[in-house]
Amino acid sequence: MSKPNLEPQNMSHKKIITFILIAYGISWLTWLPNIISANTGKHNEINNWLHIVGGLGPMFSAFITILIFEKWAGFKKFISERFLKIPSARYILVGLTMPIILFIVSSIIIRVTTGEWVNLLELGINSKIPTENPVFIWLIWIIFYGIGEETGWRGFLLPELSKNIKTRISTLYTALIWAPWHIPVFFYDKDLGTMGVIGTLGWILGLIFGSIVLGWLAKSSKWNLIPVILWHGTFNFFTTSDRIDSMFASLMSMMTIAIAVWITRKYGTNLSKE
C-alpha cells in the first residue's frame, strides 16, 4: 500500500502562464472597443460598462485555469476556500475600515493645509461609472474590481507563487504582472493617460506596496478573499472620484506605502505569523 504524498505542492508555471494569458486576453479584448472609440471616434466616447466589465478578467481567468488543470473538484475547493470559509472578523474589519481611516486622515490633512473639507456628496463620482449613487458606485467597485480582480491576483496568482517563493517576493511578482494588465486603460482613460512618466512610476510604486498590504491581508485570512475584496473596492471608491482633489489619492497611497513597510518589518518575508 503506497503512502500518501505529504510533500507541499510545488508552483505550476503552466498554470501561471495560462492564467496570465487568459486574464490579459479577456480584459484587453473587453477594453479594445474603448481604445478604438477614444482614439478614432468623432466624439472620443467610451463605453462605461466595457470599462467596468473588463475588471472581471482575472476572476474568469482563475476559474478557467483551475477547471483546466484541477477540474471540477479543484474548482469547488477554490470557491470553498476563497469565499465560503469565513475568516476572522478582525481581518474583515481591517479590510473594510483601513481605507476609510486612510480617507479620514487624508481629509484632516487637506483641511489643515487648505482650510476646506471634502464634499462627501462627490465621493466616488467618476466619468467611467454609470451612476452617481454612492452606494451603487461602491458596489460596482466591490463586484467588478474587488471580486473581479482579487479572485485572480490574490485568490489564484499570489497563492500559486507563494508555494515556492516567499510571500513578500511573491507580492512583488504579482504587482509586476498586475501593473501591465492595466495598459489598455492608459489609451482611453484621461486620468491614467495624462500622468506622465513620473506619475506613472508613482502609480506603479503604489501598486507594489498596495500588493504587499493586500498580500498580508489575504495570507492572514488564510487566503479567504472577503477582506481583500472589501479593501480593494473601498480604496477605489475613495481614490477615483473625478470631483475631489487628487491629493486625497496621493495621501492615501503614501499612507498605504507606510503601512506596507510596517508590515514587512513586523512579519518578515512571509507577511504572516502562520
Side-chain angles (χ1 to χ4, degrees), residues 19 23 26-27 51-63 81-83 86-87 90-103 106 123-124 126 128-129 134-159 161 167 170-182 185 189 191-192 203-241 248-257 259-260 263 271:
F19 165 78
I26 292 174
S27 295
H51 172 73
I52 292 167
V53 171
L56 297 175
M59 179 190 74
F60 286 127
S61 180
F63 291 165
E81 292 178 348
R82 301 297 184 262
F83 297 100
I86 306 302
R90 173 177 57 179
Y91 294 113
I92 295 176
L93 190 63
V94 169
L96 179 61
T97 62
M98 186 188 292
I100 296 174
I101 293 170
L102 294 180
F103 178 76
S106 298
L123 282 178
N126 185 292
K128 296 180 290 299
I129 304 295
V135 176
F136 290 158
I137 293 171
W138 180 75
L139 287 174
I140 285 172
W141 285 121
I142 289 291
I143 294 169
F144 291 93
Y145 281 82
I147 297 174
E149 285 199 66
E150 293 306 328
T151 302
W153 307 133
R154 255 62 60 175
F156 176 83
L157 181 59
L158 181 61
L161 290 168
T167 308
S170 295
T171 63
L172 173 61
Y173 291 153
T174 299
L176 294 179
I177 294 168
W178 185 17
W181 172 79
H182 294 83
V185 183
D189 181 353
D191 297 324
L192 292 181
W203 175 81
I204 293 172
L205 189 67
L207 277 188
I208 290 171
F209 283 96
S211 185
I212 291 174
V213 174
L214 288 168
W216 160 77
L217 195 54
K219 189 166 185 182
S220 297
S221 304
K222 298 181 180 178
W223 302 120
N224 180 277
L225 295 177
I226 293 174
V228 294
I229 288 168
L230 290 172
W231 196 100
H232 193 150
T234 306
F235 189 88
N236 279 16
F237 173 79
F238 284 119
T239 57
T240 57
S241 173
F248 282 97
S250 298
L251 286 170
M252 290 180 67
S253 294
M254 285 190 287
M255 285 185 282
T256 300
I257 290 173
I259 292 169
I263 287 170
L271 300 186

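Numbering starts at 1 and runs along the sequence shown. Basis for what follows: all heavy atoms, side chains included, without hydrogens, waters or symmetry-related copies. Nothing here was measured: the structure is a model prediction, and the numbers come from that model.
- The distance from the NE2 atom of His51 to the OH atom of Tyr145 is 4.0 Å, given to the nearest 0.5 Å.
- Within the 3.5 Å criterion, the main-chain N or O of Ser211 finds no donor-acceptor partner in the side chain of Thr171.
- Screening Leu217, Val213, Leu93 against Met98 for a side-chain contact (heavy atoms from CB on, under 4.5 Å) leaves a single residue, Val213.
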Hey, mind stepping through Leu123 and Phe238 against side-chain contact (heavy atoms from CB on, under 4.5 Å) and telling me if it holds?
CA-CA 6 Å; Leu123 282 178; Phe238 284 119; 3.9 Å; yes
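- Atom CD of residue Glu149 and atom NE2 of residue His182 lie 5.0 Å apart, to the nearest 0.5 angstrom.
- The backbone N or O of Thr240 sits less than 3.5 Å from a side-chain atom of Asn126, completing a donor-acceptor pair.
- A side-chain contact (heavy atoms from CB on, under 4.5 Å) with Trp153 is found for one member of Leu158, Ile177, Leu214 and no other, namely Ile177.
- The local environment of OH in Tyr173 is sparse, with at most 12 non-hydrogen atoms from other residues, nucleotides or ligands closer than 6.0 Å.
- Val94 and Trp231 get closest at one heavy-atom pair: O-CD1, 4.3 Å.
- Between the OG atom of Ser221 and the CZ atom of Arg82 there is a distance of 11.5 Å, given to the nearest 0.5 Å.
- Between Phe235 and Thr256, the closest side-chain pair of non-hydrogen atoms falls below 4.5 Å.
- For the atom pair CD1 of Ile229 and CZ of Arg154, the computed distance is 11.0 Å after rounding to the nearest 0.5 Å.
- In this structure, Leu172 CG and Thr167 OG1 are separated by 12.5 Å, a value rounded to the nearest 0.5 Å.
- Shown here for Trp181 and Pro58, the closest heavy-atom pair between the two residues is CZ2-CD, 3.7 Å.
- We find the OG1-CD1 distance between Thr234 and Ile142 to be 4.5 Å, quoted to the nearest 0.5 Å.
- Residue Gly54 comes nearest to Ser27 through the heavy atom pair O-OG, 2.7 Å, listed as atom of the first residue, atom of the second, then distance.
- For the residue pair Ser220 and Trp216, a side-chain donor N or O sits within less than 3.5 Å of a side-chain acceptor on the partner.
- The two atoms that bring Pro87 and Ile92 nearest to each other are CG-CG1, 3.9 Å, heavy atoms only.
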Where do Ile100 and Phe103 land on the side-chain contact (heavy atoms from CB on, under 4.5 Å) test, with the steps shown first?
CA-CA 5 Å; Ile100 296 174; Phe103 178 76; 5.8 Å; no
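- Counting only heavy atoms from C-beta outward, the side chains of Thr239 and Phe248 never approach each other to under 4.5 Å.
- Within the 4.5 Å cutoff, no side-chain heavy atoms of Ile129 are placed close to those of Phe237.
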Hey, mind stepping through Phe156 and Trp223 against ring-ring contact (aromatic ring centres under 6.0 Å, His included) and telling me if it holds?
CA-CA 9 Å; Phe156 176 83; Trp223 302 120; over 10 Å; no
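- In this structure, Ser61 contributes its side chain and Gly57 its backbone to no donor-acceptor pair below 3.5 Å.
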